Amino acid sequence: MEAKMGKFFDSVGNFFTGGDQIPWCDSDIVAGCEREVAEAEKGSSDKLKSECIMRLSWALVHSKRAEDVQRGIAMLEASLGGSSSPLQVREKLYLLAVGYFRSGDYSRSRQLVERCLEIAPDWRQALTLKKAIEDKITKDGVIGIGIAATAVGLVAGGIAAALSSRKK
């Protein structure tokens, strides 16, 4: 019983705090990845450069800074056309979905994660992201309904108050 209550309170807490299972990345990691890319540009193999760019893209879309997330999205979109293997496409689509999730574009994020799941239907990371997106959309919908209901209540209360003051 205690475990069920704990799960309930955790889910309520996550609902109000917006908690999700997607990791965050700090600016130190982003800076390290940028240095790694700069070093790889100095004559490393194309494969190493590509790996460094993917790590930087990962760090950017997982960053807490909105401008980093946008930069990561732009890098991934630019490189998506050059992806040859389904695994690379899947990884880039997933990272794009994370980036759009972080930037608040949940419908675009959901489209991209669905494309990931077409390539790899049992991929746990994509399934976790899909659930986080759906939870966020549900939460935003509930909050929107609450705001609308409050507005309707205030208007109805105002009309009722006006009518009752006229009758006096």
Side-chain angles (χ1 to χ4, degrees), residues 3 6-41 44-146:
K7 254 186 172 177
F8 171 75
F9 286 119
D10 285 346
S11 69
V12 169
N14 282 343
F15 178 82
F16 287 108
T17 61
D20 59 52
Q21 303 298 317
I22 315 300
W24 290 98
C25 186
D26 64 16
S27 57
D28 293 343
I29 294 172
V30 171
C33 290
E34 287 172 332
R35 280 191 301 275
E36 198 176 78
V37 168
E39 288 173 18
E41 292 290 326
S44 297
S45 70
D46 288 342
K47 183 179 181 199
L48 180 61
K49 288 178 196 174
S50 177
E51 289 172 4
C52 292
I53 290 170
M54 278 301 290
R55 279 193 290 277
L56 176 59
S57 298
W58 184 95
L60 289 169
V61 298
H62 287 86
S63 174
K64 293 182 179 183
R65 296 179 56 218
E67 55 272 10
D68 285 346
V69 174
Q70 292 304 316
R71 205 171 100 206
I73 289 171
M75 283 176 64
L76 288 161
E77 285 180 340
S79 69
L80 192 59
S83 301
S84 56
S85 78
L87 180 63
Q88 283 181 336
V89 171
R90 178 192 82 167
E91 292 288 328
K92 289 178 182 180
L93 288 172
Y94 174 77
L95 290 176
L96 274 170
V98 169
Y100 281 110
F101 177 78
R102 291 285 188 226
S103 65
D105 189 347
Y106 305 122
S107 62
R108 181 75 177 125
S109 182
R110 183 169 34 185
Q111 290 171 347
L112 290 164
V113 84
E114 290 290 342
R115 286 179 56 196
C116 282
L117 291 169
E118 288 172 10
I119 297 169
D122 297 329
W123 192 22
R124 271 195 348 203
Q125 279 182 288
L127 291 168
T128 300
L129 178 57
K130 183 179 178 183
K131 182 171 179 355
I133 294 164
E134 290 168 352
D135 290 348
K136 197 72 162 163
I137 290 170
T138 300
K139 175 186 168 189
D140 288 356
V142 168
I143 290 171
I145 289 169

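All residue numbers refer to positions in the sequence shown, counting from 1. This is a predicted model, so every value here is computed, not measured.
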Taking C-beta and beyond as the side chain, do C25 and W58 meet within less than 4.5 Å on heavy atoms? yes
Does any part of the side chain of S103, heavy atoms only, come nearer than 4.5 Å to the side chain of I73, both counted from C-beta? yes
Do the side chains of K49 and D46 get nearer than 4.5 Å, heavy atoms only? yes
Considering only heavy atoms from C-beta outward, does the side chain of D26 approach that of K64 to under 4.5 Å? no
Main-chain N/O of S79 paired to K92 side chain as donor or acceptor, under 3.5 Å: yes
Decide yes or no for D105 and S107: does some side-chain heavy atom of the first lie under 4.5 Å from some side-chain heavy atom of the second? yes
Quick check: closest heavy atoms across Y94 and Q125, and the distance to 0.1 Å? CE1-O, 3.6 Å
Is a side-chain N or O of T138 found less than 3.5 angstrom from the main chain of E134, in a donor-acceptor match? yes
Is there side-chain contact between H62 and V98, with at least one heavy-atom pair below 4.5 Å? yes
Under 4.5 Å between any side-chain heavy atoms of R71 and L56, yes or no? yes
Heavy atoms of I29 and A59 approach each other most closely as CG2-CB, 4.2 Å
Is the count of non-hydrogen atoms from other residues, nucleotides or ligands lying under 6.0 Å from R115 atom CZ greater than 12? no
Any non-hydrogen side-chain atom of V61 less than 4.5 Å from a side-chain atom of R102? no
